[in-house]
Amino acid sequence: MASIRLENIVKRYGTFTGVKHMSLEIADEEFLVLLGPSGCGKTTTMRMIAGLEDPTEGEVIIADEVVNEIDARDRDVAMVFQGYALYPNMTIYENIRFPLRMRGVAKGDQDALIRRAAEMVELGDYLERKPGALSGGQRQRAALARAVVRQPQVFLMDEPLSNLDAKLRASMRVQIKHMQRQLRVTTVYVTHDQIEAMTLADRIVIMNRGEIQQVGTPDDIYGDPANTFVAGFIGSPPMNLIMGEARDGRFTAEGVSCACPQALAGPVTLGIRPEDCTVGGQELTGTAYGVEPTGDVTYLTVDTGTRQIEVKAARDFRAAIDSPITIGFDPERLYFFDANGNRIRDLT
Ligand code: ATP
């Protein structure tokens, strides 16, 4: 078990900087998720923790030891990637045993460890099969079992579920979280999927262009976003961001007019989540551009003429396309951002 610390990590590729002065503390036993769009530096950060990539500047510290000069294989981290990378000619049992053999675990101890790891991912009945005779989800679970079998100090997982279909992803998510809680191994998990991040993480690190945008619990990140990037990345659909003008306690934009704090003045961006909008209110007028029933909720897209606003409406809400619609905003759930996209806080 181990804490991890990144001290002012930089990764440059020639003139391009992939990771910019990143500092982060990951607590022992924590499940930390690195979340961000493609190319934001998530994988590079993880590879520096693993020892597969050398930082250009800064220090990687695992269990209070600077590991910059320590080889990947001596860092006691186990990795799971999106490709399962199982050995096709070995049975699942032999695949799971492989890291135990590499680490010289005594033969007599191996069987119990292998069976425990396989049970943990519900593969106990599949140990004699070869990977080719398993489904994608079973193969991914076998790869997980192989990573957990030797109880490393740290798990590193890079989009381990991205090859799976939506249903399997959801069940694997639960399994990974359960397993991490049982094993209590510090885990760093990379994804661009905000649902995965929200459901798995103790804390989420949101990255963009090689920089940390915000670090916080899923509740912090959802309820208290630091800037428009975070606000627009989290939520499904994400927060509506409406550029407009604040004056004398009112925010206005085309089709939008709502009360705002008196202290606000000039160009600002209003943020409102689709779930905090209600059909039939006073704050926004437009037409129904899209109506998408999903069973438990109906997604309504309202067109104001210059922008589209997403609304989570009741499950039985229906409207004809292009019919007029009015929307209300929950006044307690409005967010305001300045011209640089940073949250404006402490307004009265
Ligand atoms: P994805 O979700 O697409 O995997 P990511 O957030 O994991 O993205 P990284 O793989 O960490 O992104 O890459 C960060 C940036 O560094 C990208 O812009 C990428 O093009 C660049 N990069 C990564 N490896 C190299 C390399 N070997 N040489 C040059 N640039 C690189």
Side-chain angles (χ1 to χ4, degrees), residues 4-26 30-62 67-68 71-72 75 77-85 136 140 143-144 147 154-166 168-170 172-173 176 186-201 203-216 218 221 225-236 238 341:
I4 302 171
R5 229 164 68 227
L6 305 181
E7 291 265 13
N8 225 357
I9 291 285
V10 176
K11 181 67 189 181
R12 283 193 204 94
Y13 299 103
T15 56
F16 177 78
T17 308
V19 176
K20 301 172 187 166
H21 298 282
M22 182 163 171
S23 292
L24 185 64
E25 291 203 26
I26 306 166
E30 183 170 11
F31 198 129
L32 185 104
V33 175
L34 299 177
L35 172 68
S38 181
C40 72
K42 309 178 294 287
T43 297
T44 306
T45 303
M46 180 132 116
R47 287 173 62 83
M48 289 190 283
I49 299 172
L52 299 172
E53 209 66 82
D54 288 329
T56 319
E57 286 176 31
E59 286 182 337
V60 178
I61 298 156
I62 300 179
V67 294
N68 289 46
D71 251 21
R75 287 193 189 186
V77 302
M79 284 178 280
V80 186
F81 296 102
Q82 51 180 284
Y84 323 116
Q140 190 66 64
L144 266 181
V154 174
F155 285 139
L156 300 177
M157 304 192 188
D158 193 350
E159 309 247 7
L161 307 183
S162 59
N163 287 345
L164 308 179
D165 68 38
L168 208 48
R169 267 210 308 272
M172 283 291 295
R173 230 167 43 206
I176 286 179
T186 313
T187 301
V188 182
Y189 186 106
V190 164
T191 183
H192 62 268
D193 180 329
Q194 54 105 9
I195 299 284
E196 232 167 81
M198 292 291 283
T199 50
L200 284 170
R203 284 187 312 154
I204 299 173
V205 177
I206 301 208
M207 298 179 67
N208 190 32
R209 297 171 189 268
E211 287 178 311
I212 293 181
Q213 301 292 311
Q214 188 168 356
V215 182
I221 300 267
N227 57 39
T228 48
F229 181 83
V230 174
F233 205 79
I234 293 289
S236 169

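First listed ligand is number 1; within each ligand, the first listed atom is number 1. Values reported hereafter were calculated over all heavy atoms of this structure, with side chains retained and with hydrogens, waters and symmetry mates removed.
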Chemist: To the nearest 0.5 angstrom, please state how far the CZ atom of Arg47 sits from the CD atom of Glu53.
Modeler: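 These two atoms lie 5.0 Å from each other.
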
Chemist: Judged by atom type as modelled, is there a donor-acceptor pair below 3.5 Å linking the side chain of Lys42 to the main-chain atoms of Tyr189?
Modeler: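 A pair under 3.5 Å: no.
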
Chemist: Does Gln194 reach the main-chain N or O of Gly235 with its side chain, forming a donor-acceptor pair under 3.5 Å?
Modeler: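 Present.
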
Chemist: Would you mind checking which non-hydrogen protein atom is closest to atom 8 (O) of ligand 1, with the distance to 0.1 Å?
Modeler: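 Scanning the protein heavy atoms, the shortest distance from atom 8 (O) of ligand 1 goes to Gly39 N, 2.7 Å.
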
Chemist: Is there at least one pair of N or O atoms, one from Gly41 and one from ligand 1, spaced under 3.5 Å apart?
Modeler: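 Between Gly41 and ligand 1, an N or O pair is found under 3.5 Å apart.
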
Chemist: Looking at Arg75 and Ile49, would you say the former's side chain and the latter's main chain have a donor-acceptor pair under 3.5 Å?
Modeler: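 Pair found, side chain donor or acceptor close to backbone of Ile49.
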
Chemist: Should Gly18 be counted as touching ligand 1, given the test is an N or O pair under 3.5 Å?
Modeler: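 N/O-N/O distance under 3.5 Å: no.
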
Chemist: Using protein heavy atoms only, decide if any is under 4.0 Å from atom 19 (C) of ligand 1.
Modeler: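 When distances to the protein are checked, atom 19 (C) of ligand 1 has no heavy atom within 4.0 Å.
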
Chemist: What's the separation between atom CG in Leu144 and atom CD1 in Ile176, rounded to the nearest 0.5 Å?
Modeler: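 Reported value, rounded in 0.5 Å steps: 5.0 Å.
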
Chemist: Checking Thr199 now: which residues fulfil side chain to side chain donor-acceptor pair (under 3.5 Å) with it, not counting sequence neighbours?
Modeler: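 Thr199: side chain to side chain donor-acceptor pair (under 3.5 Å) contacts with Arg173.
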
Chemist: Return the closest protein heavy atom for atom 27 (N) of ligand 1 as residue, atom name and distance.
Modeler: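 The closest one turns out to be Tyr13 CE2, 3.5 Å.
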
Chemist: What about Thr44: any of its N or O atoms under 3.5 Å from an N or O on ligand 1?
Modeler: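 So ligand 1 has an N or O lying under 3.5 Å from an N or O of Thr44.
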
Chemist: Backbone or side chain, does any N or O of Ser38 fall under 3.5 Å from an N or O of ligand 1?
Modeler: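 Min N/O separation from ligand 1 is below 3.5 Å for Ser38.
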
Chemist: With a 6.0 Å cut-off (strictly less than), is the heavy-atom count around CZ of Arg169, excluding the residue itself, greater than 12?
Modeler: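 Yes, enclosed.
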
Chemist: Considering only heavy atoms of Pro37, which atoms of ligand 1 have at least one such atom less than 4.0 Å away?
Modeler: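 Those atoms are 6 (O).
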
Chemist: Pull out every atom of ligand 1 sitting under 4.0 Å from any heavy atom of Cys40, numbered as shown with elements.
Modeler: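 So the answer, numbered in order with elements, is 5 (P), 6 (O), 12 (O).
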
Chemist: Supply the atom-to-atom distance Arg5 CZ to Ile62 CD1, rounded to the nearest 0.5 angstrom.
Modeler: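 With rounding to 0.5 Å, CZ (Arg5) is 12.0 Å from CD1 (Ile62).
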
Chemist: Counting heavy atoms only, which of Lys42, Lys11, His192 is nearest atom 2 (O) of ligand 1?
Modeler: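 Shortest heavy-atom distance from atom 2 (O) of ligand 1: Lys42.
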
Chemist: For atom 4 (O) of ligand 1, what is the nearest protein heavy atom, given as residue, atom name and distance?
Modeler: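 The answer is Thr43 OG1, 3.6 Å.
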
Chemist: Give the numbers and elements of all ligand 1 atoms closer than 4.0 Å to a heavy atom of Phe16.
Modeler: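 The atoms of ligand 1 under 4.0 Å from a heavy atom of Phe16 are 15 (C), 16 (O), 18 (O), 21 (C).
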
